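Convention: sequence-line order gives letters A, B, ...; per-chain numbering from 1. Just so we're clear, the structure is a prediction, and the values are computed from it rather than from any experiment.
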Amino acid sequence: MQDHELQRARLTRRRVLGGMGIASLALMSPPASAQETVDLHVPGGPSTRMITTSYPQKGRMILQRSSPPWLETPFEVFDKGVFTPNDQHYVSWHWATFPGDIDVDSFRLTVRGQVNQTLSLSLKDILQSLPRFDIAAVNQCAGNSRIYAVPRVAGAQWADGSMSNAIWTGVRLKDVLDRAGVKPGAIQVRFGGLDEPVMPDAPKFLKSLTIDHARDGEVMIAFAMNGEQLPLLNGFPLRLVVPGWCGVYWVKMLNDIEVLDQSDTNYWTTTGYRVPDTPHNTVKPGETGFKLVPVTRNAPRSFITNIRDGDGVPVGTPASARGIAFGGDCGVARVDLSIDGGQSWQPTELGANQGTYGFRQWQTQFTLSARGPHTLMVRCTNTKNEAQPGFRVWNPAGYLFNTIETTHVVAA
Amino acid sequence: MLRTVLTTVAVLGLVLLPHPGQATAITTLKSLKLDVPASDAMFPGGPGSDAINNNCLACHSADHVLNQPSLSREAWQEVVNKMITAYKAPVSPDDAKAIVDYLARTKGPDKASNARAQQ
């Protein structure tokens, strides 16, 4: 039995590695429990990933990268409800050097720069001396769904699971800035965490917001998600929550806030995470001469969660479709379903609104009257009347993909 | 069996979540001391494997690369250049060439057409 399992694991690994020799397989040592795999159904490249349960405070996750960890939420989790369990909230780190050992008594959050008074706040200060609030918000990596880019592009090969929704609890960034007293002339606020680059010359991971955005009353310094302290890999003890904006801004293990009176010039603000300044951030492969701008807000998206590509659907009888949607930087106005490849659309019924920036469930019934293949599509329109595009969003770095999703089924 | 039980607990947990707008009563945080797994996996052997093993694994595990799609030599050159210029990887010009050769050989465009042909 053991031998059989070992052989099966080797064969699976062999497929992942593209048929490398057995001798070199012996050098591979993934976590012992990572024998289960998932097929991400992507043509022309490694399609299979390990399922891991080896990371602290994390359940079953898709192993995209061991170190620094990229752990993807398995897609079936999104069919269970609008809030992603903390132990399956996706994980993404830029640099491998971050602590596993955090003492809550000695941890301090510094607020410095263009302020009247530099602050060094303890976690007790933050939890007990400032007003707190809750907000539901989707944390989505700017590169979510990059693996489906056509043509393929380099970067984290996320399928659709580098997104997760939670109810975040914390204090307003505005209140913390007010306590420090922002000086006139401040234009941006820059955020840093406990993570450090391995190479000392490499750019520390930092992101900035404009002073007005930082003081909008919604940007949060979060100390809890779904009623519990943050898992280490999701940024314990504090992370920035920027509702409606891409996860790259949600700085984890936040310990440094710097108010700036000049534009931030660090790599991650000026060079990294940039998209073409074109409609839907889309260009043709090989196209040049477009301006690049930073990724900022999320765009509307929707997914069918109870029917997967290739599934069979009974012919001639009503079937249920359900899933999740989010509006991006505003709420969901409507979600429509097409059962004829996008020629016609029918409205779906939205579930309870559990927060402007969170996932919203949708459901409907549909009937496929003819046997054979059919193409289901789902489209979210947000409260700013922005709908997901039907054409393929593409840019060289694979950011902000939000094309209408297509699910092929067979009626029988 | 255990997984079934855990799933049930997770679903119940969702139902019991506090309503948005009603801030959670959490008053203190508990210190953490956890081990985050690393990976000691190496790149498959072959010409240039020493260069890629010696230069790339300090910052990221091998699966970072092995999970990438097949890319053209030019695209791999661009990736290696980015690691050196943007992320300050201390790679000698000779090693950079060996790494690009390794990637173009093991994860080049002919690999993509092979993969497509097998489907």
Next on the checklist: Given heavy-atom pairs under 4.5 angstrom as the criterion, report whether the side chain, backbone, both or neither of A/Trp168 touches chain B.
Outcome noted: neither

Checklist outcome for this item: Honestly, the part of B/Lys30 sitting under 4.5 Å from a heavy atom of chain A is both

Item to check | Region of A/Gln57 that comes under 4.5 Å of a non-hydrogen atom in chain B | outcome: side chain

Next on the checklist: Quick one: does any side-chain atom of A/Ser67 pair with a main-chain N or O of B/Ser61 as donor and acceptor, under 3.5 Å?
Outcome noted: no

Item to check | Residue B/Leu32 versus chain A: region with a heavy atom under 4.5 Å | outcome: both

Checklist entry - Where on A/Gln128 is there a heavy atom nearer than 4.5 Å to chain B: the side chain, the backbone, both, or neither? => result side chain

Next on the checklist: Taking the side chain as everything from C-beta on, heavy atoms only, tell me whether A/Pro197 gets closer than 4.5 Å to B/Cys59.
Outcome noted: no

Item to check | Contact leader toward chain B among A/Leu123, A/Leu232, A/Leu233, where contacts are heavy-atom pairs under 4.5 Å | outcome: A/Leu232

Next on the checklist: Looking at A/Lys204, I want to see if its NZ is surrounded by more than 12 non-hydrogen atoms of other residues, nucleotides or ligands under 6.0 Å.
Outcome noted: yes

Checklist entry - Any idea how B/Tyr87 and A/Trp268 line up, ring-wise: parallel (<30°), tilted (30 to 60°), or perpendicular (>60°)? => result parallel

Item to check | Atom group of B/Ala58 that falls short of 4.5 Å from chain A, counting heavy atoms | outcome: both

Next on the checklist: Using side-chain heavy atoms (C-beta onward) and a distance below 4.5 Å, is A/Phe98 in contact with B/Val36?
Outcome noted: yes

Checklist entry - With respect to B/Lys33, which candidate in A/Asp103, A/Ile102, A/Asp101 satisfies the side chain to side chain contact (heavy atoms under 4.5 Å, CB included) definition? => result A/Asp101

Item to check | Exam field: side chain B/Asp63 to backbone A/Ser66, donor-acceptor pair closer than 3.5 Å | outcome: yes

Next on the checklist: Has A/Arg49 got a side-chain atom pairing as donor or acceptor with B/Asn67's backbone, closer than 3.5 angstrom?
Outcome noted: yes

Checklist outcome for this item: Output for pair (B/Met83 CE, A/Met199 CE), nearest 0.5 Å, gives 12.0 Å

Item to check | Contact origin within A/Trp93 toward chain B - heavy atom pairs under 4.5 Å | outcome: neither

Next on the checklist: Would the distance check show the side chain of B/Gln68 and the main-chain N or O of A/Gly155 forming a donor-acceptor pair, the cut-off being under 3.5 Å?
Outcome noted: yes

Item to check | chain A contacts, top residue of B/Ala86, B/Pro90, B/Ser31 (heavy-atom pairs, under 4.5 Å) | outcome: B/Ser31

